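A note on names: the letters A, B, ... follow the listed sequences, proteins ahead of strands, and every chain is numbered from 1. Keep in mind the model is a prediction, meaning the values are calculated, not measured.
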Number of protein chains: 2
Amino acid sequence: MSNEDRYDALFKALGHRVRRRILDIIKDQPKTTGALCAVMTDIDRCTVMQHLSVLEKAGLVVVERRGRERWNHLDALPIYDVQKRWIGPYAAHAISMLGELEALAAPDASAQAPVAVKNA
Amino acid sequence: MSNEDRYDALFKALGHRVRRRILDIIKDQPKTTGALCAVMTDIDRCTVMQHLSVLEKAGLVVVERRGRERWNHLDALPIYDVQKRWIGPYAAHAISMLGELEALAAPDASAQAPVAVKNA
DNA sequence: TTGACATGTTATAATTTTATAACATTATAG
DNA sequence: CTATAATGTTATAAAATTATAACATGTCAA
């Protein structure tokens, strides 16, 4: 699987609020599928399972099978990775653009601290 | 528009390799739609425009109209914002999990520097 | 003014995603 | 062993996305 494939899967997985909600729920401790559905009463169990499989394909959820239970664990490493390799550079680009705007707005204030970064 | 709406739009926009490619192309200097299509010969002009509108809705592309030309600028600020508020915390979570694994692997090495954070 | 260039709009087909329903499988408690 | 709890599978419908085609509009240059 190429990096592009991985980014497609990851961003697509993050691109639905129900899936982000699932990640939030299992962030601090894993949950069985049943426990997850018990919390998300507004969403059908099958739908939850489909979302879980999308998250699993993106590598964000790791499944541990215990008897008849399925424990869904968060694995945030793909998020860390995409931050490092993709998001981070773009965020840095945004900051440097802000810096250029600053420079344009106050061309002779070179001693001043970069306001945009300060607000980060 | 809520934050969830914004994240939906942003992650969805990033979830297609053609759109990420467009962002890469206009990252360092804006391009007209025509110039963009001239570079992406493998993709139909209409398709490129549809992708541009998805990027525009996500706030990643800002359009400057000059005569009959449409100049597409990158605005990476939404990426910076989502990194700060969403991606960053999850990436940090990943790192802290790595830290816990480290601790498990070497329980008595408490004086050692946290390797995972060092590599961040 | 007019022809051609750059872009925009509308329509449509194919594909993918999302949500549910109905039924199937597996494992545990009693 | 067997009823039931937990999960899985298959099927299907509705909605959204992606890719193209055909046609429309606006603008510049001669």
Side-chain angles (χ1 to χ4, degrees), chain A residues 1-2 4-26 29-73, chain B residues 1-2 4-23 25-26 29-74:
Chain A
M1 194 166 62
S2 76
E4 290 300 302
D5 288 334
R6 262 183 285 273
Y7 291 162
D8 275 358
L10 183 63
F11 284 128
K12 251 177 220 166
L14 297 180
H16 197 291
R17 66 193 63 193
V18 168
R19 288 193 287 262
R20 292 196 300 278
R21 200 168 136 210
I22 290 176
L23 295 184
D24 279 343
I25 294 171
I26 66 172
Q29 66 288 314
K31 284 229 184 315
T32 67
T33 305
L36 204 54
C37 294
V39 176
M40 316 181 71
T41 50
D42 52 326
I43 290 146
D44 190 87
R45 183 181 65 91
C46 295
T47 307
V48 171
M49 285 188 64
Q50 272 186 130
H51 283 306
L52 278 174
S53 104
V54 172
L55 289 167
E56 211 181 338
K57 275 171 199 152
L60 290 169
V61 163
V62 173
V63 169
E64 173 206 1
R65 197 160 290 286
R66 294 178 64 174
R68 66 181 160 183
E69 291 172 334
R70 166 196 163 119
W71 286 83
N72 303 281
H73 297 253
Chain B
M1 194 166 65
S2 75
E4 289 301 301
D5 289 335
R6 263 183 285 272
Y7 291 162
D8 275 359
L10 182 63
F11 285 128
K12 253 176 218 166
L14 297 181
H16 197 290
R17 66 193 65 192
V18 168
R19 289 193 286 262
R20 292 195 302 276
R21 199 168 137 207
I22 290 176
L23 296 183
I25 293 171
I26 66 173
Q29 67 287 315
K31 285 231 183 313
T32 67
T33 305
L36 202 55
C37 294
V39 177
M40 315 181 73
T41 50
D42 52 327
I43 290 148
D44 191 86
R45 184 180 65 89
C46 296
T47 306
V48 170
M49 288 188 61
Q50 274 187 127
H51 282 306
L52 278 174
S53 104
V54 172
L55 289 167
E56 211 181 339
K57 275 171 199 153
L60 290 169
V61 163
V62 172
V63 169
E64 174 204 4
R65 197 161 292 285
R66 294 177 66 174
R68 67 180 159 182
E69 291 172 334
R70 164 196 164 119
W71 286 83
N72 303 282
H73 297 252
L74 170 69

Listed by chain and number, what are the side-chain contact (heavy atoms from CB on, under 4.5 Å) partners of B:Asp44, not counting sequence neighbours? B:Cys46, B:Thr47
Contact pattern, 5' to 3', of nucleotides 24-30 of chain D - B, S or - by protein heavy atom under 4.0 Å: --BBS--
Shortest non-hydrogen pair, A:Arg20 vs A:Leu14, comes out as NH1-O, 2.7 Å
If we ignore hydrogens and angles and just use 3.5 Å, is the side chain of A:Arg17 paired with the main-chain N or O of B:Asp8 as donor and acceptor? no
Determine the contact category for B:Thr33: base if any of its heavy atoms lies under 4.0 Å from a base atom, sugar-phosphate if only primed atoms, P, OP1 or OP2 are that close, otherwise nothing. sugar-phosphate
Position toward the 5' end of DNA chain C (nearest nucleotide), A:Asp42 or B:Cys46: B:Cys46
Gap separating the OG1 atom of A:Thr32 from the CZ atom of A:Arg66, nearest 0.5 angstrom: 10.5 Å
Result block: side-chain N/O donor-acceptor pairs under 3.5 angstrom for residues 48-57 of chain A, not counting sequence neighbours:
{"unit_1": "A:His51", "atom_1": "ND1", "unit_2": "A:Arg19", "atom_2": "NH1", "d": "3.1"}
{"unit_1": "A:Ser53", "atom_1": "OG", "unit_2": "A:Gln50", "atom_2": "O", "d": "3.3"}
{"unit_1": "A:Glu56", "atom_1": "OE1", "unit_2": "A:Arg70", "atom_2": "NH2", "d": "3.4"}

Closest approach of A:Ala13 and A:Ala58, non-hydrogen atoms and distance? CB-CB, 3.6 Å
At the 4.0 Å heavy-atom cut-off to chain A, mark where contacts on DNA chain C begin and end, going 5' to 3'. C:dT17 to C:dT28
As an exercise, state the distance from OG1 of B:Thr33 to CG of B:Asn72, rounded to the nearest 0.5 Å. 4.0 Å
Near DNA chain C, under 4.0 Å by heavy atom, which residues of residues 7-23 of chain A? A:Lys12, A:His16, A:Arg19
Residue pair A:Lys12 / B:Gly15: nearest heavy atoms and the distance that separates them: CE-O, 3.4 Å
Taking every heavy atom of B:Ile25 against every heavy atom of B:Gln29, the minimum-distance pair comes out as O-NE2, 3.7 Å
For a 4.5 angstrom cut-off between non-hydrogen side-chain atoms, does B:Ile22 reach B:Lys31? no
May I ask you to test the A:Arg6-A:Leu10 pair for a side-chain heavy-atom distance under 4.5 Å? no
Please report, rounded to the nearest Å, how far the C1' atom of D:dA14 is from the CG atom of A:Asp44. 14 Å
Return no unless some side-chain N or O of B:His51 is found under 4.0 Å from OP1 or OP2 of D:dA19. yes
Listed in order of residue number, which residues of residues 57-65 of chain B have a non-hydrogen atom at under 4.0 Å from DNA chain D? none
